[in-house]
Amino acid sequence: VPTIATSIGNTAFGTPSEGFRLAELRVQWPLWDFGRTTSRFGQSLINEEIAGLQLVRSQQTVAFDVASAYFETLAAEAAVDVAEEAVRRAESVLRDAKNYLHRGTAIRNDVLQADVFVKEMQLELVKARTAQGVAVAKLNRAIGINSSITKAVSYKHLTMPTSDQV
């Protein structure tokens, strides 16, 4: 192994003295970042609160949509009941007009007017049933049921709550 004479002694060069490993650890920690970390933490807390409020708002929106669709369905069913009763009464008026014409106490125009009235009421019944189908599909969509399924909602079994129950 070659050696060099120095003032502190002989220094040897070669493989035995070059066989070392180097390990280095570097740690850096900012002492002050001008409030950047604090503001990011504050933003994350605010974002969490916003997400919670958005969740509550979404739940309220779904509840409102379902309730609105339900009451729309009840109103549509009631409109169908009213239209069916109107058709029955119009048919009764038509029968009466035909009986009066047969007895000779009415003219043909009365029968024609009653017949037109029956047809108008039947058209209103068709419109009411169509509106009922649309309302049921809207309710089914709001509660997550396939819209093509026609579930019947009935207001006939409902009772109004008393003031003690409210």
Side-chain angles (χ1 to χ4, degrees), residues 27-166:
V27 177
Q28 187 176 11
W29 188 269
L31 295 177
W32 180 252
D33 63 355
F34 300 99
R36 195 176 313 144
T37 304
T38 307
S39 66
R40 285 184 185 162
F41 179 72
Q43 284 176 345
S44 67
L45 291 178
I46 291 171
N47 287 339
E48 181 184 13
E49 184 179 353
I50 288 171
L53 293 173
Q54 287 174 338
L55 173 67
V56 170
R57 169 67 183 202
S58 297
Q59 290 171 337
Q60 290 172 347
T61 300
V62 168
F64 175 78
D65 289 346
V66 169
S68 175
Y70 176 73
F71 288 120
E72 185 178 334
T73 304
L74 291 179
E77 184 175 335
V80 168
D81 290 345
V82 169
E84 287 173 347
E85 181 62 27
V87 168
R88 281 192 292 276
R89 289 180 183 235
E91 288 171 346
S92 175
V93 168
L94 178 61
R95 280 193 304 275
D96 290 345
K98 286 180 180 178
N99 287 337
Y100 290 144
L101 178 65
H102 182 67
R103 283 190 261 157
T105 57
I107 59 174
R108 177 95 176 121
N109 189 35
D110 293 341
V111 174
L112 293 175
Q113 284 179 342
D115 192 35
V116 168
F117 187 63
V118 168
K119 300 302 180 196
E120 288 175 354
M121 292 303 106
Q122 288 173 342
L123 180 61
E124 291 300 318
L125 178 59
V126 168
K127 289 179 183 178
R129 285 186 178 152
T130 301
Q132 182 186 25
V134 169
V136 168
K138 183 178 177 182
L139 175 63
N140 287 343
R141 189 186 77 219
I143 60 177
I145 297 176
N146 186 356
S147 295
S148 63
I149 298 173
T150 56
K151 296 279 184 187
V153 176
S154 180
Y155 66 92
K156 296 172 184 169
H157 303 346
L158 296 177
T159 57
M160 294 299 294
T162 63
S163 60
D164 297 336
Q165 294 173 336
V166 176

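None of these values were measured; they are calculated from a predicted model.
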Looking only at heavy atoms, what is the nearest atom pair of [X] and [Y], with distance?
X	Y	answer
Val118	Ala90	CG2-O, 3.2 Å
Val111	Ala97	CG2-O, 3.5 Å
Ala69	Leu139	CB-CA, 3.7 Å
Met121	Ala86	SD-CB, 3.6 Å

| request: Give a yes or no on whether the backbone of Phe64 and the side-chain of Ser68 come within a donor-acceptor separation of less than 3.5 Å. | output: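 No.
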
| task | Answer yes when Arg129 and Glu84 have at least one side-chain N-carboxylate O distance shorter than 4.0 Å, and no when they do not. | result |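 Judged by the 4.0 Å cut-off on N to carboxylate O distance, Arg129 and Glu84 do form a salt bridge.
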
| Looking at Leu125, Leu123, Thr130, which one forms a side chain to side chain contact (heavy atoms under 4.5 Å, CB included) with Lys127? |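 With Lys127 as partner, side chain to side chain contact (heavy atoms under 4.5 Å, CB included) holds for just one option, Leu123.
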
| request: Could you walk me through whether Gln132 and Thr73 pass the side chain to side chain contact (heavy atoms under 4.5 Å, CB included) test, one step at a time? | output: CA-CA 6 Å; Gln132 182 186 25; Thr73 304; 5.6 Å; no

| query | Heavy-atom distance under 4.5 Å between the side chains of Ile107 and Leu101, does that happen here? | reply |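 No, every pair of side-chain atoms sits at 4.5 Å or beyond.
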
| task | Would you check if Val116 and Leu112 make a side-chain contact, meaning some heavy-atom pair closer than 4.5 Å? | result |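 No - every pair of side-chain heavy atoms lies 4.5 Å or more apart.
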
| query | Mind checking what makes side-chain hydrogen bond (donor to acceptor under 3.5 Å, both in side chains) contact with Arg88, not counting sequence neighbours? | reply |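 Partners of Arg88 by the side-chain hydrogen bond (donor to acceptor under 3.5 Å, both in side chains) criterion, ordered by chain and then number, come out as Glu85.
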
Look up atom [atom1] in [X] and atom [atom2] in [Y], then write down how far apart they are to the nearest 0.5 Å.
X	Y	atom1	atom2	value
Glu124	Lys119	CD	NZ	14.5 Å
Asn47	Arg40	CG	CZ	13.0 Å
Leu55	Gln60	CG	CD	10.0 Å
Phe117	Glu91	CZ	CD	11.0 Å
Ser39	Asp33	OG	CG	7.5 Å

| Listed once per pair and sorted, the side chain to side chain donor-acceptor pair (under 3.5 Å) pairs that draw on residues 100-110, sequence neighbours left out |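 Sorted pair list comes back empty.
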
| task | Output all residues satisfying salt bridge (charged side-chain N to carboxylate O under 4.0 Å, His left out) with Arg141, sequence neighbours left out; order by chain, then residue number. | result |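 Arg141 satisfies salt bridge (charged side-chain N to carboxylate O under 4.0 Å, His left out) with no other residue.
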
